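Working notes for the structure below.
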Amino acid sequence: MKIKKLQGSFGAKVCNIDLKSNLEREDFEKIKTAFVKYQLLIFPSQKLEPKHQLTWSKHFGPIQKLYAEEHRIPDCPEVVVLSNEQINGKHVGVVAAGDYWHSDLSPSNNPGLATILYARRLPSEGGDTEFADMHMAYQTLSTKMRKQIANLRGIHCISKLRNHRVKVTRPGGRAYYKKQNEIPDVSHPLVRTHPVSGLKSLYLSPRFTIGIENMEDIKAQPLLDELFAHQIKPEHIYRHKWKIDDLVMWDNRSLNHRACGGYKTDDIRRIHRTSTLGDQPF
Ligand code: SIN
């Protein structure tokens with residue numbers, strides 16, 4: 001097995017490994033350490049059935065069953081299909097998932113830990129995924145800003161309809177998000193401490209963070225805008241250009257991500273996704 005760091009501040013490629021084989025304990029420990037150290041791991045050329053992806057994902061926390069049943073693999077429902085493909089006029093997967101910068105499931109008390117995506121079909125153009133390093137984003141804030149946000153908590157909201165920074169892009173999305181209007185918001189510290197590495201990161205996103213606890217919007221919104229702009233400075237970002245059979249997994253405790261889109265509705269992209277449950281941010 002070879003772990004090769006990417007050029008920027010985070011991410012590594014892991015080669016010469018078959019994720020469906022029984023890994024040596026030592027290799028597995030190296031991968032777990034690399035996952036926290038590099039935050040994003042890319043395993044090229046994997047040949048996996050959904051059950052293999054599920055078994056692999058279980059090493060990184062309890063599996064979360066997300067999205068509607070019709071968008072999951074029937075005999076392996078923990079694996080969700082993200083796709084623009086339609087069969088007999090019906091979408092086989094979730095369309096336009098993750099189209100704004102976010103950390104998975106931050107509007108819950110126990111947000112996502114690892115997200116694992118496996119590329120099954122790719123469009124002829126577009127379809128990349130971008131990742132942004134929230135440790136680095138925190139470290140590169142001015143001392144004044146770090147002091148200002150040290151004890152603040154962001155308000156995270158699941159429904160797109162209550163967030164003026166995002167648009168509903170998914171077909172039938174308005175009805176879907178209307179139901180989510182009833183789900184209570186959750187607050188988390190703007191500065192999150194990674195439970196394993198102890199490093200601090202900026203924990204907020206334009207997709208989910210709609211305000212700051214105990215702060216009037218007149219002050220909170222410009223502050224959020226400033227932090228959102230800082231998060232996605234080019235030096236904090238890695239853009240993944242997918243290859244078929246890539247398995248990519250990342251740590252939602254310290255990375256934000258977004259699906260970049262940019263492909264046509266009939267140019268099929270199909271990704272199999274699994275997610276694991278994390279702990280309460282502090
Ligand atoms: C996601 O955010 O869950 C999906 C990202 C992607 O499809 O590139």
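Atoms within a ligand are numbered from 1 in the order they appear, just like the ligands themselves. Residues take their numbers from the sequence shown, with the count starting at 1. Nothing here was measured: the structure is a model prediction, and the numbers come from that model.
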> Got a sec: does the CZ of Arg174 have more than 12 other heavy atoms crowding it under 6.0 Å?
Replying inline: no
> Salt bridge or not for Asp99 and Lys167, using N-O below 4.0 Å?
Replying inline: no
> Which atoms of ligand 1 sit under 4.0 Å from any heavy atom of Leu82?
Replying inline: 4 (C), 7 (O)
> Of the protein's non-hydrogen atoms, which lies at the shortest distance from atom 3 (O) of ligand 1, and what is that distance?
Replying inline: Arg273 NH1, 2.4 Å
> Is Thr129 close to ligand 1, meaning an N/O of one under 3.5 Å from an N/O of the other?
Replying inline: yes
>> Let's go through His230 and Thr140 carefully: what are the C-alpha distance in whole Å and the side-chain angles of both, what is the deciding distance for side chain to side chain donor-acceptor pair (under 3.5 Å) to 0.1 Å, and is it a yes or a no?
In response: CA-CA 9 Å; His230 178 76; Thr140 53; 3.0 Å; yes
> Would Asp104 and Thr115 count as a side chain to side chain donor-acceptor pair (under 3.5 Å) if you check the C-alpha gap in whole Å, the side-chain angles of each, and the deciding distance to 0.1 Å?
Replying inline: CA-CA 8 Å; Asp104 281 334; Thr115 304; 2.5 Å; yes
> Centre of Tyr67's six-membered ring, under 6.0 Å away, within 45 degrees of the axis: is that where NZ or CZ of Arg72 sits?
Replying inline: no
> Is it the side chain (CB and beyond), the backbone, both or neither of Arg258 that lies under 4.0 Å from ligand 1, heavy atoms counted?
Replying inline: neither
>> Distance under 4.0 Å to a non-hydrogen atom of His102: what atoms of ligand 1 satisfy this?
In response: 2 (O)
> Any idea which atoms of ligand 1 are less than 4.0 Å away from a heavy-atom of Gly98?
Replying inline: 2 (O)
>> Below the 3.5 angstrom mark, is there an N/O of His257, backbone or side chain, next to an N/O of ligand 1?
In response: yes
> Which part of Arg269 is near ligand 1, with near meaning a heavy atom under 4.0 Å away: side chain, backbone, both or neither?
Replying inline: side chain
>> Using a 4.0 Å cut-off to any heavy atom of Ala259, which atoms of ligand 1 qualify?
In response: 5 (C), 6 (C), 7 (O), 8 (O)
> How about Phe10 and Phe131: are their ring centres within less than 6.0 Å of each other?
Replying inline: no
>> One thing to verify: whether Lys58 and Glu78 come together as a salt bridge, which I'm taking to mean a side-chain N less than 4.0 angstrom from a carboxylate O.
In response: no
